[in-house]
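In what follows, every chain begins at residue 1, and chains take the letters A, B, ... in the order their sequences are listed.
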Number of protein chains: 2
Amino acid sequence: MKESASGGRRSKKQVLILGAGFAGLYTALHLDKLLGKDSPAEITLVDRNHFHLFTPLLHEVASGVLHPGLVMTPIRRMLRRSRIRFLRARVDGIDLNRRQVQMCCVVKPYDILVIALGSVTNFYGLESMRKRALEVKTVSDAERLRCHVINRFEAATRERDAERRRKLLTFTVVGGGCTGVEVVTELREFLLHLRAEQYDLIPVEEVRTILVELQDRVLPQMDRTLSQAALERMEELGIEVLLNTGVRDWTEEGLIFTDGRPPLSTDTVVWSAGVRAHPVVAALPLEKDPSGRIVVDAHLRVPTMPNVYVLGDAAHAEHPQTGKVYPPTAQVAYRQAPVAAANIAADLLGGPLHVFDFTYIGDLVSLGRLSGVADPFGTRLRGLPAWAMWKFYYLLQLIGWQNRLRVALNWLLALLFPTHSAISFECAPECAGELCL
Amino acid sequence: MKESASGGRRSKKQVLILGAGFAGLYTALHLDKLLGKDSPAEITLVDRNHFHLFTPLLHEVASGVLHPGLVMTPIRRMLRRSRIRFLRARVDGIDLNRRQVQMCCVVKPYDILVIALGSVTNFYGLESMRKRALEVKTVSDAERLRCHVINRFEAATRERDAERRRKLLTFTVVGGGCTGVEVVTELREFLLHLRAEQYDLIPVEEVRTILVELQDRVLPQMDRTLSQAALERMEELGIEVLLNTGVRDWTEEGLIFTDGRPPLSTDTVVWSAGVRAHPVVAALPLEKDPSGRIVVDAHLRVPTMPNVYVLGDAAHAEHPQTGKVYPPTAQVAYRQAPVAAANIAADLLGGPLHVFDFTYIGDLVSLGRLSGVADPFGTRLRGLPAWAMWKFYYLLQLIGWQNRLRVALNWLLALLFPTHSAISFECAPECAGELCL
């Protein structure tokens, strides 16, 4: 239906953008605007999902403050006033020589390729983790985590054996970076509210929440005072933080540590210890960093292939002056998009290339109710100001005024009625299989 | 944890309530109040889910106006101020002789049993339907339907073959009772909004929505004028209504009709043609009706076993004077609960038995935006008044003021911005397997 005569199609350049996350989606939108009506190119955006996911708020879906619909926007809704085509498909492989991309149901050729496939959880080769650990990368993950927690509480109410019960009520998060800290804090608040409202015969001391971090402090990329503030806040909430602690396995005995300390008996491990590039990206015969991310130049292109751009979590990009590597965050992806779009427009229409020299603003880390840390533009914020900044920033970034309205309402209700707010949801059939733990 | 010494436990009568739908949940709550603090009995409520489902609004979850959390309430939240125990388990069998219930992980004895396990979809032995048709009984069903619809639209955008495309864009609902009519109307509005907002290159005439009904009119239990009003409204929306039409199979050719008319090529069949009793109930050696529902007397008990109550969709109950059979609806279940509770209290404490002689108020049927039909207390309402009554009634019935607030907000936004309101959601992994249809 969107097909013109094949003769007409071949005369237009094909710009193929893989991935509709922050990098891919916004590159498409910016480029569409720059090329305008008499565009010499067709832009095709590809994603395996029909929606764009607002990842920064995913941990709040896990705790139930927000329902999944609020962090997902149908891609076609966002492409409405554009000439961008959307193709819902899974990318299986990229053939850089033949200049085509193999998808689950079609092979698409390209003239200019944008690889924005993002990242996957990095289990560092730990097979036990890959099989059993929970992640928080998608809405399914968030729902699986909530389901998992509720199943453990239900089983704990029936469990007479004290050791078994302790194992069921010990919840572990591995990884003390921004993601891990936000997840463990949100998880802790969810556990406390759930216990207080629905399982109050379980003593609060029996519900353990543990954060495991390899380095000597949490949030190692931030200032030491903020790491300390975050640590104190988490301990206030009753989270046990194990620093300088590495994990090497997860067996029937429990979580096995590298330093030989006794295993930790737990039925729940959320793995937030790092990301690596999407497997399709990691498989490409290009220069990559240890996480599989493709090295790009200051124009966000593969140095040996100027018609191939790599953005977001899939790319290893450095600040042209400082050499500092950009972290795999939404902020970076979102800022790369207009630069990539400008450079692709320059490829097609002529004009100067732009350099990506964005100064990383800093991180905003939520630490639960009315608390957080942040270091925008080199400042150091903590407590309520950091939390407020976090809320406002993400509220404005969120797509869609209806979503913003609902999220604001949910946040207000969560503030006023914290225990009540954990939204109920249905356990997936596989959870029902865990009825008798 | 809720266990007292087993000696103490045996001295208390065990009231076991199976199913936390409208009948089971409210029987438990009423009974707990009646028995008070010095109760001679322990009440245990059992459900395979940890939440209670507000079924009357399920079709709005299917269309995306409401998100699942709004129609689900955690059972433990509702039992907070009571002495009711909750057991999350699946009921596998009932042994009426030994007076015990076999659940997936435990056997529980009872002194008084309340069977409120509800109903399942009745496929009338049509194997092709049982395997492939969609239902709208649970939140998973509603989400599966939305996912299924989106997958068809995505596939249709890529499909060049006109016949294949027609099949993908033909959506059929079988069953013209209250449920079927509400589902097809909601589905039609969802399809129109989805197409308009996200797939506007698909001409609206290509999207067909068909309702199949065996009898000579829809809503056969209502007055003829209301059936006619509903028919006209559906046709206004572009729904094709096939009356006097029975379905006997669904094959590669399409939907096969009993009267030999040409098969209908469709990829989507939603089966709303009736319910039958839960299999565990249907397996009991008691007097049952053709749908497997257990016949009960005017006190809602099994005539030969006065310690066994059957309520809701699982029961065949008749009005003591008129002999009219109560339909399997939430309204009936909700009204039976206080009567059953009073009779159980009478069993335990002495006192007169109550008779269930509730006069069925009537049905409220939503017909999409600003339209409906209703026949409360023998009146005949249609259009806006019926719709408004429907909205207010269910808003008040909904559990939880936060849910009511959110539902009211969603309805307001859906009214003002109908196209925009279809909330996005994630397709389950199995849908992703349908990426290349």
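With a 4.5 Å cut-off on side-chain heavy atoms, A/F86 and B/E154 count as touching. By the 4.5 Å heavy-atom criterion applied to side chains, B/R406 and A/L413 are counted as neighbours. Between A/R76 and B/T157 there is a side-chain heavy-atom pair separated by less than 4.5 Å.
In terms of heavy-atom proximity, A/Q198 sits nearest to B/R77 at CG-N, 3.9 Å. Nearest heavy-atom pair across A/R88 and B/R158 is O-NH1, 3.4 Å. Minimum heavy-atom separation, A/R80 to B/A196: NH2-O, 3.6 Å.
Residue contact with chain B, scored on non-hydrogen atoms closer than 4.5 Å, is absent for A/L79. Within the 4.5 angstrom heavy-atom criterion, no atom of B/L53 approaches chain A.
Shown here are the side-chain hydrogen bond (donor to acceptor under 3.5 Å, both in side chains) partners of A/R166, two or more places apart in sequence or in another chain: there are none. Among residues two or more places apart in sequence or in another chain, the ring pair (Phe, Tyr, Trp, His ring centres under 6.0 Å) test is passed with A/F54 by A/F22.
Atom CG in B/L70 sits 7.0 Å away from atom NE2 in A/H67 (nearest 0.5 Å).
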